[in-house]
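Start at 1 and go down the list; that is how both ligands and their atoms are numbered.
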Amino acid sequence: MAGLSSSLAIVLLGSGALDTARRIQSRFPESHVHGLAHRVVADIAYDDFGAHMRELYRAGVPIIALCSAGIVIRALASCLSDKKAEPPVIAVAQDGSAIVPLLGGTSGVNALAREIGTALDVAPAITTSGELRFGQCLLAPPEGYALADIEQGKRFVSDLLAGETTRIEGDAPWLDAAALPLADDARLAVRITPLAVDDEHSLVIHPRCVLAWIGDDIDIAERVRIALRGRGLSPLALAALIAPLHLMTSQSLSDTARALDVPLRFSDAAPIDINGIALQVHDAPVDAQSIGRARGTLTVIGLGPGSAELMTPAARAALIAAEDVLGYETYVRMASPFRDDQRMHITDNREELQRARHAFELASEGRRVVVVSSGDPGVFAMAAAVLEALDDGYASHPEWRAVKLAIVPGVSASLATAARAGAPLGHDFCVLSLSDNLKPWSVIEKRIAHACEADLVMAFYNPLSKARPWQFDRAIEIVRRYRSAATPVVLGRDIGRPAEALRVVKLSELKSDLVDMRTMVIVGSSTTRVVGDWVYTPRWYE
Ligand code: SAH
């Protein structure tokens, strides 16, 4: 899955390493710099180094840690027993003077270390013997190829190190650069083949060159396995599963592709009339992206109020996987950095429906589309606009229904502001937008009055704008009829952003000069209290 695992984590503890981190990052545009919150301004903030490292490691994310090898080893010690799921882990000295590949011998750690070495102009400390001798890791073939069996591979490398020679059978262009001890009459062989061969004297590498075209979605995993076995092919040689377009929304099909660990593509251009399953074996690895198209995805995410640390990992993963990112300029900028291969579509804040339609159009071409909102996407933001567009286009755009739609929640401004102030939303509350762009002002007045009558804490979004200069004062006038002059009011401006400002005033002091469009206003209920610098609403009620 193209989630976090497609990216690379450059993890640092202090700002002393930031320079080195950015130098490494410039070589890997898909990477993110992870920094300890409050100490380093990074792309992604974490609180606990050990926990963060283990989370990355378990998610299979390649890690470049800018600290001592010892710190890295201690952090990961408890999760090292499962050798299969081992992403590359590299320790790099803070000043960039040393590069030590630690883990991930079979997932390309040495190749990665060499690339970092080029970026920093230092030779990495390669310690794996096979690699030193042959110039590259035989057990980590390039994209498009899969190693049949790691244990068999290790035996093969030790045999070579012990002085054996080898032949190469099949086409392995990347091995031309390796300094292998070749001999035509060697007992051992590197065999590049899609066939499932059982040969203890070979290093078997499967090119992903088999396409499985299917006509339906019933018991596919089992039937594909049987079909492969029938032709003597290894499941690791499978490059993609290709189904007709009308099966795009089939859940069992996407589960099957995941189980077989191959991309799922859709095309009505099957090479033959398929009645069941047709396997097509090519001479060389096939790039699945070049066949038909994927099921498009449309993910509506909330970025949180502004800072990277308040963005959820799910939202971050969606951004990393995105091909197209749509949103209002400020929010798209908040979601950066982007890679060169990602397209940004910046639109005016008010063109929400148009943006939502555009998102569906892109996604129904098979693209991975992300629409960004600040805070939570479901709170006065894009998630509802996207569903309105779907509702409108349901009959006229059947292709929109095939799009895989997901909404990823975020920390809404009211929640972020409340947390900074204490717990003003500790008891029943409501959220109201004071914008009368999309609803009549009379409805707003009525809701405020009812919320006051119900003694709810009120969180006001969109309190004021240049186009709506008088509404806020009018709203407060209504509140004053119900609440005492001493009622605490929390004003959070640019919460989670560099210009963050928090104020607590009494209802009697509240006036429109204190707020603008970047302010969240939380008006307490009859029980909301102040203790020291904190504002809270107790859980109990008299
Ligand atoms: N979807 C957003 C809200 C969009 S409405 C969310 O869930 O937060 C925009 C309003 O949200 C602004 O007028 C302001 O009242 C509030 N807001 C958004 N971000 C804010 C921030 N960082 N600090 C304070 N208020 C914010």
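Taking the side chain as every heavy atom from C-beta outward, Leu112 and Leu8 approach each other to under 4.5 Å. Contact annotation: the side chain of Tyr331 never approaches that of Ser373 to less than 4.5 Å [non-hydrogen atoms, C-beta and beyond].
With a 4.0 Å cut-off on non-hydrogen atoms, Val521 does not touch ligand 1 at all. At a heavy-atom cutoff of 4.0 Å, ligand 1 is contacted by the backbone of Arg518 but not by its side chain.
Side chain of Arg54 to main chain of Ser78: no donor-acceptor pair is present (N/O by atom type, distance under 3.5 Å, no hydrogens or angles). Under the 3.5 Å distance criterion, the side-chain polar atoms of Ser107 are matched with a main-chain donor or acceptor of Glu86. With Ser465 contributing its side chain and Arg468 its backbone, the two residues share a donor-acceptor pair below 3.5 Å. Put simply, the side chain of Arg265 gets close to the backbone of Ala288: a donor and an acceptor are under 3.5 Å apart.
In terms of protein heavy-atom proximity, atom 5 (S) of ligand 1 is nearest to Asn462 OD1, 3.5 Å. Nearest protein heavy-atom contact of atom 15 (O) of ligand 1 is Thr519 O, 2.6 Å. The protein heavy atom nearest to atom 19 (N) of ligand 1 is Arg497 NH2, 3.4 Å. The shortest contact between atom 22 (N) of ligand 1 and any protein heavy atom is with Ile495 O, 2.9 Å.
Within ligand 1, counting atoms from 1 as listed, the ones closer than 4.0 Å to a heavy atom of Ala413 are 6 (C), 7 (O), 8 (O), 16 (C), 17 (N), 18 (C), 19 (N), 20 (C), 25 (N), 26 (C). Residue-ligand proximity, Ala381 to ligand 1, at heavy-atom distances under 4.0 Å covers atoms 1 (N). Those atoms of ligand 1 with a heavy atom of Pro305 less than 4.0 angstrom away are 22 (N). Remark: ligand 1 atoms within the under-4.0 Å shell around heavy atoms of Phe380 are 4 (C). Atoms of ligand 1 found under 4.0 Å from any heavy atom of Ser374 (numbered from 1 in listed order, with element): 1 (N), 2 (C), 6 (C), 7 (O).
Between Val379 and ligand 1, a contact under 3.5 Å exists for at least one N or O pair. Looking at Tyr461 next to ligand 1, no N or O pair under 3.5 Å apart turns up. Residue Ser373 places no N or O, backbone or side chain, under 3.5 Å from any N or O of ligand 1. The shortest N or O to N or O distance between Pro463 and ligand 1 is not under 3.5 Å. At under 3.5 Å, a nitrogen or oxygen of Met517, whether backbone or side chain, sits near a nitrogen or oxygen of ligand 1.
Here the CG-CG distance, from Leu80 to Leu103, works out to 5.5 Å after rounding to the nearest 0.5 Å.
Ring geometry, Phe360 versus Trp400: the interplanar angle falls under 30°, so the pair is classed parallel (tilted spans 30 to 60°).
Within the structure, every pair that satisfies the side chain to side chain donor-acceptor pair (under 3.5 Å) test and touches residues 530-540, not counting sequence neighbours, is listed here: Thr528-Thr537, Arg529-Tyr536.
The residues Glu329 and Arg333 are annotated as salt-bridged, a charged nitrogen and a carboxylate oxygen being separated by less than 4.0 angstrom.
Residues meeting the salt bridge (charged side-chain N to carboxylate O under 4.0 Å, His left out) test with Arg447, sequence neighbours left out: none.
With Gly410, Gly302, Ser412 as candidates, the residue nearest to atom 6 (C) of ligand 1 on a non-hydrogen basis is Ser412.
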